[in-house]
Amino acid sequence: MPNNNLTEQIAQLLGVEFPPPLDPSEIKSLQKALPGYQAVADDAARFCQNHAEALRLDEVRASLEQGLADVARLEPVEHLLQQLYLSVYHQRLQATAKCMEGLYDTTRRIRDFAEAFPEIKEAGQPLLDFMKAFRPGPKKEEHEEGGE
């Protein structure tokens, strides 16, 4: 393969292009191109085909059909990438959870040795302060409204 970066290589493997992101003005010019509109475009292409002689919209029909072919080609890749993204995201959440377990264990040990080694507690105080926001277990309930 040529000296492409990994993203370009993956795009090539999936049979899609990897153009630069659209700028805001390009996005505004997309004629409200929202997912699901291709169903209406499909109906319009059939309409143009059925009334081709009267309407004489051959170029429009060809454009519609090309757009629909592009959508049909891209949808499976989009679905695959969404599933892959979700899988990787969940794996990252699990990896982060492992890190949090290590942080809980570390802060527990800092507290265990705080009296014997005050310098450890002092050095670990930023971590202790940070972890106060992540107390494990069920949250303590606030005072119930209505006062019992």
Side-chain angles (χ1 to χ4, degrees), residues 1-49 57 59-148:
M1 277 187 191
N3 291 332
N4 294 341
N5 68 32
L6 184 58
T7 304
E8 290 170 339
Q9 291 175 12
I10 292 170
Q12 185 177 10
L13 177 68
L14 295 172
V16 296
E17 297 176 28
F18 187 64
L22 299 174
D23 65 42
S25 65
E26 290 173 315
I27 292 170
K28 280 184 177 182
S29 71
L30 287 178
Q31 304 290 327
K32 296 184 181 181
L34 299 173
Y37 280 25
Q38 68 264 18
V40 177
D42 191 38
D43 292 342
R46 274 195 302 279
F47 181 82
C48 289
Q49 176 66 36
L57 292 172
E59 287 181 28
V60 171
R61 190 183 87 233
S63 176
L64 283 169
E65 288 173 352
Q66 181 60 53
L68 291 167
D70 290 343
V71 167
R73 178 181 57 81
L74 293 169
E75 277 181 329
V77 175
E78 179 184 26
H79 180 72
L80 169 71
L81 292 173
Q82 286 173 340
Q83 296 301 311
L84 183 60
Y85 169 79
L86 186 61
S87 175
V88 170
Y89 177 70
H90 287 172
Q91 291 173 59
R92 188 179 61 79
L93 289 177
Q94 291 170 330
T96 302
K98 284 182 188 175
C99 293
M100 289 303 289
E101 287 176 24
L103 294 178
Y104 287 131
D105 291 343
T106 302
T107 55
R108 195 174 306 114
R109 294 294 278 183
I110 290 170
R111 284 189 210 97
D112 289 347
F113 287 90
E115 286 186 37
F117 299 97
E119 68 277 5
I120 288 178
K121 183 175 189 242
E122 184 178 329
Q125 193 61 48
L127 179 59
L128 292 171
D129 292 342
F130 175 78
M131 292 304 291
K132 282 181 186 177
F134 297 100
R135 293 193 178 136
K139 292 200 180 251
K140 295 180 182 175
E141 300 210 13
E142 302 271 335
H143 297 292
E144 291 185 23
E145 291 182 34
E148 291 184 8

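We use all heavy atoms of the structure for the numbers below, so side chains are in, but hydrogens, waters and symmetry mates are not. Since we're looking at a predicted model, the values are computed, not measured.
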Colleague: CZ of Phe18 to CG of Asn5: how many Å apart, nearest 0.5 Å?
Modeller: 7.0 Å
Colleague: Quick check for you: to the nearest 0.5 Å, what is the distance between Cys99 atom SG and Arg92 atom CZ?
Modeller: 10.5 Å
Colleague: With a cut-off of 6.0 Å (strictly less than), are more than 12 heavy atoms of other residues, nucleotides or ligands near CD of Glu115?
Modeller: no
Colleague: For the atom pair OG1 (Thr106) and CE (Met100), what is the distance rounded to the nearest 0.5 Å?
Modeller: 11.0 Å
Colleague: Hey, could you give me the CZ/CZ distance between Arg108 and Arg111, rounded to the nearest 0.5 Å?
Modeller: 8.0 Å
Colleague: Going from CG on Leu86 to NE2 on His90, what distance comes out if it is rounded to the nearest 0.5 angstrom?
Modeller: 4.0 Å
Colleague: Hey, mind stepping through Asp42 and Arg46 against salt bridge (Lys or Arg N to Asp or Glu O under 4.0 Å) and telling me if it holds?
Modeller: CA-CA 6 Å; Asp42 191 38; Arg46 274 195 302 279; 2.7 Å; yes
Colleague: Side chains of Leu57 and Leu64, heavy atoms from C-beta outward: is any pair under 4.5 Å?
Modeller: no
Colleague: Does any non-hydrogen side-chain atom of Arg61 lie less than 4.5 Å from one of Glu65?
Modeller: yes
Colleague: Any donor-acceptor pair under 3.5 Å linking the side-chain atoms of Gln66 with those of Asp70?
Modeller: yes
Colleague: Go through Glu78 and Val16 one step at a time and tell me if the side-chain contact (heavy atoms from CB on, under 4.5 Å) criterion holds.
Modeller: CA-CA 10 Å; Glu78 179 184 26; Val16 296; over 6 Å; no
Colleague: For a quick test of reading the model, state the closest non-hydrogen atom pair linking Ala123 to Pro126 and the distance between them.
Modeller: O-CD, 3.5 Å
Colleague: How close do Ile110 and Gly124 get, counting heavy atoms only, and between which atoms?
Modeller: CD1-CA, 3.9 Å
Colleague: Just jot down the side-chain hydrogen bond (donor to acceptor under 3.5 Å, both in side chains) partners of Glu75, sequence neighbours excluded, or say none.
Modeller: Gln38
Colleague: Set out, in order, the CA-CA distance, both residues' side-chain angles and the distance that settles side-chain contact (heavy atoms from CB on, under 4.5 Å) for Phe117 and Lys121, then state yes or no.
Modeller: CA-CA 7 Å; Phe117 299 97; Lys121 183 175 189 242; over 6 Å; no
Colleague: Give, for atom SG of Cys48 and atom CG of Asp43, the distance between the pair rounded to the nearest 0.5 Å.
Modeller: 11.0 Å
Colleague: For a quick check under 3.5 Å, do Gln91 and Ser87 share a side-chain donor-acceptor pair by atom type?
Modeller: yes
Colleague: With the side chain counted from C-beta on, respond yes when Ile120 and Arg109 share a heavy-atom pair under 4.5 Å apart, and no when they do not.
Modeller: no
Colleague: Counting only heavy atoms not in Glu17, do more than 12 fall under 6.0 Å of its CD?
Modeller: no
Colleague: Does atom CD of Glu122 have more than 12 heavy-atom neighbours, drawn from other residues, nucleotides or ligands, at distances under 6.0 Å?
Modeller: no
Colleague: Would you check if the side chain of Ser63 reaches a backbone N or O of Glu59 as a donor-acceptor pair within less than 3.5 Å?
Modeller: no
Colleague: Please identify each residue that fulfils salt bridge (Lys or Arg N to Asp or Glu O under 4.0 Å) with Asp112, with sequence neighbours left out.
Modeller: none
